[in-house]
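Worksheet: one structure, shown below.
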Amino acid sequence: MRMGGLATETQFHVLAVDDSIIDRKLIERLLKTSSYQVTVVDSGVKALEFLGLLDDDNGSIDSTTQNHHKLQVNLIITDYSMPGITGYDLLRKIKESTSLKNIPVVIMSSENVPSRINSCLEKGAEEFFLKPVQQSDVNKLRPHLLRGMA
């Protein structure tokens, strides 16, 4: 069975984080339409857990669980407003991590607050999408993914 070389190379893995089931379903559908492999989680805590960044009770990361997800994440798209760990907190933790800081992070929000948008972009977010996220927004992700491959 012959696999198309291009198809396998462009199967980027996107971690989508949103506490709203409606928004999660929408972003998952849009990403899959664009041929991305998608992992969806419903909280910042679960995203950190998936990425191996969640501290245990002692405040240290258990090295055995740090890389328990063999699937490499090529991009993270997260909602801004979530209970507990917000999208901004998630962005900050990713950018502070030596192993994950080069993963592009995109923030989504239903609120158009310029100061919030600016603070996310200053912290290292690649894009800030206003909800509802459109297919045209998802199309903007590819250059960030391709740059990450370089």
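Index from 1, following the sequence.
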Does Lys140 have more than 12 heavy atoms from other residues, nucleotides or ligands lying within 6.0 Å of its NZ? yes
Around Lys95, counting heavy atoms of other residues, nucleotides and ligands shown, do more than 12 lie under 6.0 Å from its NZ? yes
How long is the span from the [atom1] atom in [X] to the [atom2] atom in [Y], to the nearest 0.5 Å?
| X | Y | atom1 | atom2 | answer |
| --- | --- | --- | --- | --- |
| Leu53 | Ser99 | CG | OG | 6.5 Å |
| Asn118 | Phe128 | CG | CZ | 9.5 Å |
| Ile77 | His144 | CD1 | NE2 | 10.0 Å |
| Cys120 | Glu126 | SG | CD | 12.5 Å |
| Gln135 | Leu26 | CD | CG | 9.5 Å |
| Leu30 | Gln134 | CG | CD | 8.0 Å |

Checking Arg142 side chain against Ser34 main chain: does a donor-acceptor pair fall under 3.5 Å? yes
Checking Thr33 side chain against Arg29 main chain: does a donor-acceptor pair fall under 3.5 Å?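 Yes.
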Please report the shortest heavy-atom distance between [X] and [Y], naming the atom on each side.
| X | Y | value |
| --- | --- | --- |
| Ser35 | Gln11 | O-OE1, 3.5 Å |
| Asp19 | Pro83 | OD2-CD, 3.4 Å |
| Ile27 | Ala16 | CG2-CB, 4.0 Å |

As a quick check of understanding, evaluate side-chain contact (heavy atoms from CB on, under 4.5 Å) for Tyr88 and Arg116, giving each step before the final call. CA-CA 9 Å; Tyr88 183 76; Arg116 179 184 291 179; over 6 Å; no
Would a 4.5 Å heavy-atom cut-off, applied to side chains only, mark [X] and [Y] as touching?
| X | Y | result |
| --- | --- | --- |
| Phe12 | Leu75 | no |
| Asp79 | Asp23 | no |
| Ile21 | Asp42 | no |
| Ile94 | Ile76 | yes |
| Glu127 | Pro104 | no |

Residue of the set Asp18, Asp137, Leu130 for which side-chain contact (heavy atoms from CB on, under 4.5 Å) holds with Met108: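 When side-chain contact (heavy atoms from CB on, under 4.5 Å) is applied between Met108 and each of Asp18, Asp137, Leu130, only Asp18 qualifies.
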With distance as the sole criterion, is a donor-acceptor pair present between the side chains of Thr86 and Asp89 under 3.5 Å?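 Yes.
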Salt-bridge test for Glu28 and Lys32: reply yes if a basic N is under 4.0 Å from a carboxylate O, no otherwise.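 So Glu28 pairs with Lys32 through a salt bridge.
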Quick check on the hydrophobic clustering: are Leu146 and Leu31 connected, directly or via other members, by side-chain heavy-atom contacts under 4.5 Å?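 Cluster IDs for Leu146 and Leu31 match.
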Report yes or no: do Val113 and Leu91 belong to one cluster of Ile/Leu/Val/Met/Phe/Trp/Tyr joined by side chain heavy-atom distances under 4.5 Å? no
Check the orientation of Phe50 and His13. Use parallel for under 30°, tilted for 30 to 60°, and perpendicular for over 60°.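 Ring orientation of Phe50 relative to His13: perpendicular.
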Candidate pair Leu51 and Leu100, rule side-chain contact (heavy atoms from CB on, under 4.5 Å), full reasoning: CA-CA 8 Å; Leu51 294 164; Leu100 301 175; 3.8 Å; yes
With side-chain contact (heavy atoms from CB on, under 4.5 Å) as the criterion, how do Ile107 and Thr78 come out once you've worked through the C-alpha distance, each side chain's angles and the decisive distance to 0.1 Å? CA-CA 5 Å; Ile107 307 277; Thr78 179; 3.7 Å; yes
